[in-house]
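What follows is a short report on a single structure.
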Number of protein chains: 2
Amino acid sequence: MRADAQRNRDRIVEVARALFRAKGFDAVSMDEVAKGAEVGPGTLYRHFPTKESLYDAVLEAWAEKVNATVDSALALDAPAREQLLTWLTDYAAMLTEHKGAAARITAALGDPGSPFAAKCQTYLNANQRLIDALDSALRPGVEAMQISRLVGGVAAVADNSALPSDSVASMLAIVADGLLAP
Amino acid sequence: MRADAQRNRDRIVEVARALFRAKGFDAVSMDEVAKGAEVGPGTLYRHFPTKESLYDAVLEAWAEKVNATVDSALALDAPAREQLLTWLTDYAAMLTEHKGAAARITAALGDPGSPFAAKCQTYLNANQRLIDALDSALRPGVEAMQISRLVGGVAAVADNSALPSDSVASMLAIVADGLLAP
DNA sequence: GAACTATACGGAGACACTCTCCGTTTTGCA
DNA sequence: TGCAAAACGGAGAGTGTCTCCGTATAGTTC
């Protein structure tokens, strides 16, 4: 990639990250990002063919954080319920950091053609590792996809309604108890 | 209201209901509804100032169905778990009947200014009646708002991803077990 | 049934947004 | 320095929501 192209790409992602974080996905227009990054719309769209692909680039760091978060929850010297709750809470918190991300990633969970497919896989793998680790403490037959969708759904609701963290925690506690073996 | 106005209003709602049901909220444009009802955009917007207010009119019958559904679940001669699951499943099924409704109604749950405020109240009341009826079978301290948001979130995910009913059922079973007393 | 007024109609178009085309500019290399 | 490939950027096409206002109609009054 040419140096000017790289420069522009970096600036676009940086500006977009700030805007998305401040206003949420829907409230940010591509023109706004282009103006902020001081490039024309054409340049922006050559780097990122759709708004979603730009969002995907912005969430690049997110995937790494998911892995680190599930690791640290599983490393806890605590009962399975606490490990589970820690992970669910941390994950939901991570999602609501970027307004609109929860619904988008959750919606893409079953769609391999989505721009977020790679991120969905990371997330699914994290829940699979959780299942493998907690094993018999969990409800028999529970699947990574189920946990991913349930928690994604709760996170999306929390995000949409800008719920305080204790409301989210009480909902996640219900989900966690449902996930644990009877 | 003048007779021609009433006629037009009725036709608009009828056309909109069919379109929303067939294509989902987002995929239907107001121009499309206006053309289908053979009125100008101006007429459409005088009757319904926003697209959401039109959707609200379309979902008018929905509120009555909610009440009937919770009643019939509570009338079941069955254990609390089955009553709960029946209601949750029926409710989620009702929401996914209209693509996009789940997310919208759930998002409006805490917002009295929303065009869907009346429908949210119906839904919250239904869950409150459920709590009153099942009482000690449920997790202590559980609130109608929590159930509404949880199930709304699951329904929204199911709707977005067009999940088959058994996937939805398995997720709702997890939620139901979390809602029941330990 | 004709005249009149309040009410409703409907289409042109303002505005916002996503995304494209293509002439112009810049970069990196020979 | 000269040149081809790469990248730029802005005008504008296409689509959506929603508004303004001149025109048509319903319902009332004589």
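Reminder, nothing fancy here: chain letters follow the sequence lines and each chain counts from 1. These numbers come from a predicted model, not from an experiment. The basis for the numbers below is simple: all heavy atoms, side chains too, and nothing from hydrogens, waters or symmetry mates.
Each of Ala3(B) and Pro41(B) was assigned the nucleotide of DNA chain D with the nearest heavy atom; the assignment lying further toward the 5' end belongs to Pro41(B).
Atom NZ of Lys51(B) and atom P of dC18(D) are 9 Å apart (whole Å).
The shortest side-chain heavy-atom distance between Asp26(B) and Phe20(B) does not fall under the 4.5 Å cut-off. In this structure, the side chains of Ser161(A) and Leu109(B) stay at 4.5 Å or more apart for every pair of heavy atoms.
Under the 3.5 Å distance criterion, the side-chain polar atoms of Ser114(B) are matched with a main-chain donor or acceptor of Phe116(B). The closest donor-acceptor contact from the side chain of Thr43(B) to the backbone of Val39(B) lies at 3.5 Å or more, if one exists at all. Gln83(A) contributes a side-chain N or O that, together with a main-chain N or O of Leu76(A), makes up a donor-acceptor pair within less than 3.5 Å. Judged by distance alone, the side chain of Tyr123(A) and the main-chain N or O of Ser148(A) form a donor-acceptor pair under 3.5 Å.
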Inset, instruction - For each nucleotide in nucleotides 3-8 of chain D, reading 5' to 3', give B when a protein heavy atom comes within less than 4.0 Å of its base, S when such contact involves only the sugar-phosphate, and - otherwise. - result: --BBSB
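Put simply, chain A comes within 4.0 Å of DNA chain C, heavy atom to any atom, from dC17(C) to dG28(C), going 5' to 3'.
Just one of Lys51(B), Arg104(B), Arg17(B), Lys119(B) meets the salt bridge (charged side-chain N to carboxylate O under 4.0 Å, His left out) condition when paired with Asp56(B); it is Lys119(B).
Between Glu97(B) and Lys65(B) there is a salt bridge, with a side-chain nitrogen of the basic residue lying less than 4.0 Å from a carboxylate oxygen of the acidic one. Between Asp71(A) and Arg129(A), at least one side-chain nitrogen of the basic residue sits less than 4.0 Å from a carboxylate oxygen of the acidic one, meeting the salt-bridge criterion. Between Asp177(B) and Arg139(A) there is a salt bridge, with a side-chain nitrogen of the basic residue lying less than 4.0 Å from a carboxylate oxygen of the acidic one.
Interface residues of residues 13-34 of chain A facing DNA chain D, ordered by number: none; criterion, heavy-atom separation under 4.0 Å.
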